[in-house]
Amino acid sequence: MKCHKEKKGSITVFLALILSLLLSLVCTSIESVRMASARTQILNSMDIGLYSVFGQYDKKLLEEYDLFALDGSMGGGMLNLAKICDNLESYMKPVLKQNSQKLSLHQSGLTGYRLLTDNGGEVFYQQIVQYMQETLGSQGVQALLNRMSDREKKTKEADLKASQAEAGGSIDRYDSEMNQASQKSQQAAEEAAKNQQGNNADNSSGQQFGDGTTQPVPAQEPVNNPITVIKRIMKMGVLELVLPSGRGISTHTVSRNTLVSGRQLQQGMEMPDGLITENSYTSGVLFQQYLMNHLGNYINPSDKGLAYQMEYIFAGKDNDMDNLKAVATKLLFIREGVNFASLMADSAKRTEAQALATAIAAGFLIPPAAVVIETALLLCWAFAESVLDVRELFAGGKIPLVKTSADWQISLANLSNLMEGLDSMRKNDDHGMSYEDYIQVLVLSVSKEKKVMRGMDMVENTIRNNGRAHFCMDSCIVALEAFADVKANKKKEFHVVRQYCYE
């Protein structure tokens, strides 16, 4: 019996040692699970807090411009980071109070944030490009690229032709060339008169008949010279020539120093992931298509802020009238180049111009000026046709980028009647390009930096004129990195960092 008791006691001591180890392991495991649970709960509170803060996105930006951004000013105009932190904590604390964990928020703050205007508007630009890619799909993007590439190529060629025509045959040279030709003809006439000094003076001015009377030499029938008429028209205001009658012009203005492009912008705090600049041709076309879809122009004006917003993207002036004038002038210049090139390639029209130039030169008794007059006639003809083209565009019609002889609107004989036929002579071509097509191609020539800044100007200006006078694009947050220090069970303190951004 005694030995049996000794064995029983030795086993109890062994089990007690094992049990103490197991109990220690279990307690450690329970504590580890509690800490892991606490950490998970803290992370959940951060995630829920960030989701809830970013869930307060600016509804006006989304509804009107398909942009996701948080108004970091909370309606005040300037960034209010303290208020954002308070807002974040207000969503975290209820989550921290859940379950039996004793979690207390010690402090929180922001370690990084990105604004819509950061990097010269690159954030704004890339969000738009991503939106357009998702909206159009791969096939839509490719179709847009093909269309814009073809139009851009043809417009650049037209612009080059216009520059060559302007440099090679400016209408301003017409007067000086005509004066020189006239002086040469007069000198030749004077020399001829000196050679005939011995002849009868009466025979130089008329024919003498047997009865002693003289008959004057018939004067040449005067020829209609449209150049002088077109030259006067060229001096008129471009808007007066190309805008349809009865349609007013917006007189809205903006104060440039209050807009994104004209003031010192607030800057974000750098985040670990950084931002890579996007400069591809595809992204540029997609961004520009977005602008066309969301901004106003002369055909479809905006009812808030500047009415002609796409014209502002092109010209960057502080008022609608100057922006419209810049577009009209450029359109007229391009059309004149295209039309002049068409005339030079049309043998029938060139023959017609040569005949009229010869007649005008003979009428002025300066045959050497025929070549100069022909060039001036072609330039005047191209200008008159261009006025009708651009007027049709502003009236909402379409015109072909490159014309055939059948597309021509005004004849050489009708040049002098251009002002009377501004609306009766022009015609629409359903297969041509519209005003909006042309302005989109014109804006392709504007640098990315200017387009992005001016685009943000128009978004900001429109929202400000829609009841939110203090709205600022550089207060719009698109990404945040926040930290929180939370004490768990009055023992261990956790430091957690989380990021959130609109994608």
Side-chain angles (χ1 to χ4, degrees), residues 158 162 165 171 222-250 297-301 308 311 321 324-325 327-346 348-353 355-357 359-360 373-374 376-439:
I171 197 69
V223 179
N224 179 30
N225 182 7
I227 298 176
T228 54
V229 176
I230 298 300
K231 283 181 61 182
R232 287 198 300 270
I233 295 175
M234 285 179 173
K235 295 178 181 179
M236 296 174 60
V238 64
L239 294 181
E240 184 181 354
L241 284 175
V242 302
L243 292 187
S245 57
R247 185 165 178 177
I249 305 176
S250 169
N297 58 68
Y298 178 78
I299 302 299
N300 294 296
Y308 312 143
E311 287 81 353
M321 187 172 292
L324 192 63
K325 183 178 179 180
V327 170
T329 302
K330 185 65 174 180
L331 283 176
L332 193 61
F333 179 74
I334 290 176
R335 289 307 311 166
E336 191 172 356
V338 176
N339 291 331
F340 183 77
S342 297
L343 286 173
M344 295 296 288
D346 191 324
K349 286 185 171 58
R350 287 201 65 180
T351 300
E352 189 179 352
L356 181 57
I360 293 174
I373 296 173
E374 180 190 346
L377 279 173
L378 291 173
L379 285 169
C380 289
W381 202 354
F383 173 80
E385 183 73 11
S386 303
V387 169
L388 297 177
D389 288 344
V390 180
R391 194 174 179 89
E392 180 64 28
L393 290 175
F394 276 98
K398 295 181 178 181
I399 56 171
L401 184 57
V402 179
K403 290 187 172 185
T404 64
S405 181
D407 297 322
W408 214 257
Q409 300 166 111
I410 188 169
S411 66
L412 184 60
N414 276 336
L415 283 189
S416 299
N417 301 320
L418 173 63
M419 295 305 294
E420 289 77 20
L422 285 176
D423 293 317
S424 60
M425 293 180 187
R426 59 183 172 85
K427 56 185 178 181
N428 177 53
D429 185 332
D430 292 331
H431 301 291
M433 288 173 58
S434 67
Y435 175 81
E436 291 177 321
D437 293 332
Y438 268 98
I439 197 171

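Basis for what follows: all heavy atoms, side chains included, without hydrogens, waters or symmetry-related copies.
- Atoms OG1 and CG, from T404 and D346 in turn, are 9.5 Å apart once rounded to the nearest 0.5 Å.
- When side chains are defined from C-beta on, M344 counts as touching R350, because their heavy atoms get closer than 4.5 Å.
- The side-chain heavy atoms of I399 and Y438, taken from C-beta on, include a pair separated by under 4.5 Å.
- A donor-acceptor pair is defined here as one N or O able to donate and one able to accept, closer than 3.5 Å; such a pair exists between the side chain of R335 and the backbone of L401.
- With sequence neighbours left out, the ring pair (Phe, Tyr, Trp, His ring centres under 6.0 Å) criterion links Y298 to Y308, F394.
- Contact check for K330 versus I334: side-chain heavy atoms found under the 4.5 Å cut-off.
- Closest of all the heavy-atom pairs between W408 and N339 is CH2-O, 3.5 Å.
- Contact annotation: the side chain of N297 never approaches that of V327 to less than 4.5 Å [non-hydrogen atoms, C-beta and beyond].
- Here the shortest heavy-atom pairing between W381 and L412 reads CZ2-N, 3.4 Å.
- In this structure, CG on N417 lies 7.5 Å from CD1 on I410, to the nearest 0.5 angstrom.
- Applying the side chain to side chain contact (heavy atoms under 4.5 Å, CB included) criterion to K398, with sequence neighbours excluded, gives N428, S434.
- Contact detail for V402 and V338: the closest heavy-atom pair is CA-CG1, 4.1 Å.
- N300 pairs by the side-chain hydrogen bond (donor to acceptor under 3.5 Å, both in side chains) definition with E436, not counting sequence neighbours.
- Note: E392 CD to L388 CG = 9.0 Å, rounded to the nearest 0.5 Å.
- Considering only residues two or more places apart in sequence or on other chains, S411 meets the side-chain hydrogen bond (donor to acceptor under 3.5 Å, both in side chains) condition with N414.
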Verdict with reasoning, L324 to L243, per side-chain contact (heavy atoms from CB on, under 4.5 Å) = CA-CA 10 Å; L324 192 63; L243 292 187; 4.2 Å; yes
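- The salt bridge (Lys or Arg N to Asp or Glu O under 4.0 Å) check on E352 picks up nothing, with sequence neighbours excluded.
- Taking all atoms of both residues into account, the shortest heavy-atom contact from V242 to V387 is CG1-O, 4.4 Å.
- Rounded to the nearest 0.5 angstrom, M234 CE and C380 SG are separated by 4.5 Å.
- In this structure the side chain of I230 reaches within 4.5 angstrom of the side chain of L418, judged on heavy atoms.
- Remark: A357 engages I373, E374, L377 in a side chain to side chain contact (heavy atoms under 4.5 Å, CB included) (not counting sequence neighbours).
- How far CD of E311 is from OH of Y435: 3.5 Å, rounded to the nearest 0.5 Å.
- Residue pairs meeting the salt bridge (Lys or Arg N to Asp or Glu O under 4.0 Å) criterion with at least one partner in residues 400-410, sequence neighbours excluded, are E385-K403, D389-K403.
- The side chain to side chain contact (heavy atoms under 4.5 Å, CB included) search around M236 returns I233, E240, L241, M419, not counting sequence neighbours.
- In this structure, the side chain to side chain contact (heavy atoms under 4.5 Å, CB included) partners of K325, at least two apart in sequence or on a different chain, are V238, L239, T329.
- Across every non-hydrogen atom of L343 and K349, the tightest pair is CD2-CD, 3.4 Å.
- With sequence neighbours left out, the side-chain hydrogen bond (donor to acceptor under 3.5 Å, both in side chains) criterion links S250 to D320.
- Side chains of L422 and S245 form no contact here, defined as non-hydrogen atoms less than 4.5 Å apart.
- Here salt bridge (Lys or Arg N to Asp or Glu O under 4.0 Å) pairs that include residues 413-423, with residues two or more places apart or in two chains, are R391-D423, D423-R426.
- Taking CD1 of I439 as the reference point, atom CG of L331 lies at 7.5 Å (rounded to 0.5 Å).
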